[in-house]
Amino acid sequence: MQMYSLPQTNPDSVVLLQITDTHLFANEAGSLLGVATKDSFHAVMDAVDAAARPFDAVVATGDISQDHSERSYQRFSDGISRWSQPCFWLPGNHDYQPSMSSVLPSPQIKPCQQVLAGEHWQVILLDSQVQGVPHGELSDAQLAMLDEALASQPQRHALVLLHHHPLEAGSAWLDQHKLHNADAFWLVVDKYPQQVKAVLCGHIHQELDRLYHGVRVLATPSTCIQFQPDSNDFALDKLNPGWRYLELMADGRVVTSVSRLQGECFAPQFDAGGY
Ligand SMILES: Nc1ncnc2c1ncn2[C@@H]1O[C@@H]2COP(=O)(O)O[C@H]2[C@H]1O
Ligand SMILES: [Fe+2]
């Protein structure tokens, strides 16, 4: 298990910026259902800069690329190089790990599964990808890694990151693409009820904040298209692209909020194709 230590710059908390489901293409004009994903990603980064809220690291929770290309990962890396903070990423169902790892080693993007975040927290990054299909599954090795990371740091609060949602989010079409062995995941998490404070996902392209097994499960809007909550059939939402801040407090609380681009922008075209 590769580990990285993120220094505590503020005595009260460590702040993470989550960016998810950028769905970038090699082609800079590449679009998903009419949304040019490079442009929406850059608009999100511009809005993060305009907000001027300090953060200690970026976490990217999968579907970084839409087309498997090395160029799309380079595009992500080039984009976030405007920031000096380190970035931790994990794969989603659309990612292609040989291309992802071709961007590494990068001075900014750290290939690690365990981040010791300041003095009080650890962030654990899981790979729930099953190559070629939209649903997720955690291998025995990933489950063992989660167990080991939690067992190794009993004094630290834990934030667990994975692409796929480990619960029913409420949309039948999306819930068939959830983490299929969620029960096995929760069996491990349930062994550490004092430690795991939150689970953070991407994949569902919508905001979610729900208590499950006594743990806060969070999901976050994509930087491109949004899926409509509680829709049993595939449906796009008109909400704007977004991102999330997570403030990991010394006492174990997670203070978190989602932000979105303002004004009318990046409206998807329902008949544009592209998936
Ligand atoms: N019209 C659709 N109906 C069902 N599934 C879809 C549709 N469009 C896309 N998907 C898949 O559902 C996945 C959910 O989010 P992803 O970004 O992983 O990518 C999506 C596609 O793989
Ligand atoms: Fe996605």
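These figures come from a predicted structure and were not determined experimentally. Whatever order the structure lists ligands and atoms in, that order sets their numbers, starting from 1. Because only heavy atoms are used, hydrogens play no part in the values below, and waters and symmetry mates are left out as well, while side chains stay in.
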How are the rings of His68 and Tyr96 set relative to one another: parallel (under 30°), tilted (30 to 60°) or perpendicular (over 60°)? parallel
Angle at the Fe ion (ligand 2), NE2 of His205 to NE2 of His23, rounded to 10 degrees, please. 90°
Ligand 1 atoms nearer than 4.0 angstrom to some heavy atom of His23 are 17 (O)
Between the Fe ion (ligand 2) and Asp21, which N, O or S atom of the residue is the nearest one? OD2
My understanding is that only one of Thr37, Asp67, Asp63 makes a side chain to side chain donor-acceptor pair (under 3.5 Å) with His23; could you say which? Asp63
Ligand 1 to His94 polar contact by distance, N or O atoms, under 3.5 Å: yes
Please identify which atoms of ligand 1 are closer than 4.0 Å to at least one heavy atom of Phe227. 14 (C), 15 (O)
Should Asp21 be counted as touching ligand 1, given the test is an N or O pair under 3.5 Å? no
Any N or O of His205 closer than 3.5 Å to N or O of ligand 1: yes
What verdict does the ring-ring contact (aromatic ring centres under 6.0 Å, His included) test give for Phe76 and Phe41, after you've listed the backbone C-alpha separation in whole Å, the side-chain angles of each residue and the deciding distance to 0.1 Å? CA-CA 9 Å; Phe76 180 85; Phe41 170 48; 5.4 Å; yes
Run the ring-centre check on His135 versus His180 and record whether the distance is less than 6.0 Å. yes
Find all atoms of ligand 1 within a distance of less than 4.0 Å from any non-hydrogen atom belonging to Asp63, and give their numbers and elements. 16 (P), 17 (O), 18 (O)
Numbering as shown, the atoms of ligand 1 that approach His177 to under 4.0 Å (heavy-atom distance): 12 (O)
Can a side-chain donor-acceptor contact be found between Ser257 and Arg244 if the only test is distance below 3.5 angstrom? no
Please identify which atoms of ligand 1 are closer than 4.0 Å to at least one heavy atom of His203. 15 (O), 18 (O)
Less than 3.5 Å apart, any donor N or O on the side chain of Asp21 or His203 sitting next to an acceptor on the other? no
Name of whichever N/O/S atom of Asp63 is nearest to the Fe ion (ligand 2): OD2
Given the ring of Tyr245, does Arg53 sit roughly above its face, with NZ or CZ under 6.0 Å from the centre of the six-membered ring and within 45° of the axis? yes
If we ignore angles and hydrogens, is there a donor and acceptor under 3.5 Å between the side chains of Glu70 and Ser99? no
